[in-house]
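Here's the structure we're looking at; comments come further down.
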Amino acid sequence: DLMPREFPAGTAVEPLLAPQHLAGLRVLVRARGTREPLEPVRFLGNRSSGKQGHAIADEAAARGAKVTIVTTAGRPVAAGVEALAVETAAEMEQAVLSRSDAADVVVMAAAVADFRPAVRHDQKIKKAGGTPEIVLEPTPDILAGLGRRKRPGQTLVGFAAETEDLRANAGAKLAAKGADLIVANDVSAPSVGFEHDTNQVLIMSGSGIERDIPLSDKRAVARAVLDAVVSSRATHPPDLLPNDNHPGSDT
Ligand code: CTP
């Protein structure tokens, strides 16, 4: 019969036949750009709206995963999704690290600031003091840090926002950050990425599989990303330990 068969979560199956569900898995998603304060009024930010990350969290929850989202967006989340609100890259790193060891799948959407003001002033900077010179310092690369501490059975998904040489730049990030999958978008293209409701991405896997997702709404892109996660886990059967063998799964 041609009806799709239900496999228990974590069973290695032929990828094309695999049910694309995530029941029993812990999924950690990070969403939206960070804000790095300069003083009480002003911050350094970016245009990431969090829509793609939130769509992935909602879709993962709909597929039965236990989902935590670390976000700077005041967006509502689907029922059952745990939301941790953060603002800066440092807070985001702390929140992500508090949940990442227990996570089976980590999806690092969110445009984390690469630089923050080196000094955070307690008071508003006044015009009368003249034009200020703002010194920046680097923030920790959270994805690369997770790549270094990745344990067997964990699937790490990075994003790449590019304005040129999409495939080459994204491929380099995949390797450099130790991710299993990278979701790359050309954010300079019309209707793609930041603030839009639609996205167009190239999904690349460490094992060399690529999939082009044409311009689609962000929920459809979320489905494609999670399908790629399921396929990636299905093609690495030794990684698929039962959930209770994972460190931290009792938290
Ligand atoms: N990332 C991160 N922590 C940072 C910077 C980036 O975790 N401090 C993650 C992003 O969330 C994304 C991936 O790394 O999943 C790639 O981010 P991107 O901004 O595209 O690249 P960068 O690492 O900033 O590299 P570049 O400046 O060369 O574009």
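In listed order, ligands and their atoms are each counted from 1. Positions are given from 1, in the same order as the sequence printed here.
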Residues in side-chain contact (heavy atoms from CB on, under 4.5 Å) with T163, at least two apart? V187, S188
Quick one: side chain to side chain donor-acceptor pair (under 3.5 Å) partners of R75, sequence neighbours excluded? none
CG/D58 to NZ/K218 distance, rounded to the nearest 0.5 angstrom? 13.5 Å
Kindly indicate whether the side chain of V221, heavy atoms from C-beta on, has any atom under 4.5 Å from the side chain of N199. yes
Do L146 and V96 come close enough that some side-chain heavy atom pair is under 4.5 Å? yes
What short N/O contacts, under 3.5 Å, does ligand 1 make with the protein, listed by atom pair and distance?
from     : atom 1 : to   : atom 2 : distance (Å)
ligand 1 : 3 (N)  : I142 : N      : 3.1
ligand 1 : 7 (O)  : R30  : NH1    : 3.1
ligand 1 : 7 (O)  : I142 : N      : 3.4
ligand 1 : 7 (O)  : L143 : N      : 2.8
ligand 1 : 8 (N)  : T139 : OG1    : 3.4
ligand 1 : 8 (N)  : P140 : O      : 2.9
ligand 1 : 11 (O) : R30  : NH2    : 2.2
ligand 1 : 11 (O) : M108 : O      : 3.3
ligand 1 : 11 (O) : A110 : O      : 2.9
ligand 1 : 14 (O) : K177 : NZ     : 2.9
ligand 1 : 15 (O) : M108 : O      : 2.8
ligand 1 : 15 (O) : F159 : N      : 2.9
ligand 1 : 15 (O) : F159 : O      : 3.3
ligand 1 : 20 (O) : A161 : N      : 3.0
ligand 1 : 20 (O) : K173 : NZ     : 2.7
ligand 1 : 21 (O) : K173 : NZ     : 2.9
ligand 1 : 23 (O) : K177 : NZ     : 2.5
ligand 1 : 24 (O) : D114 : OD1    : 3.2
ligand 1 : 24 (O) : D114 : OD2    : 2.8
ligand 1 : 29 (O) : K173 : NZ     : 3.0

Atom pairs and distances, donor-acceptor, side-chain atoms in residues 119-132, under 3.5 Å, two or more places apart:
none

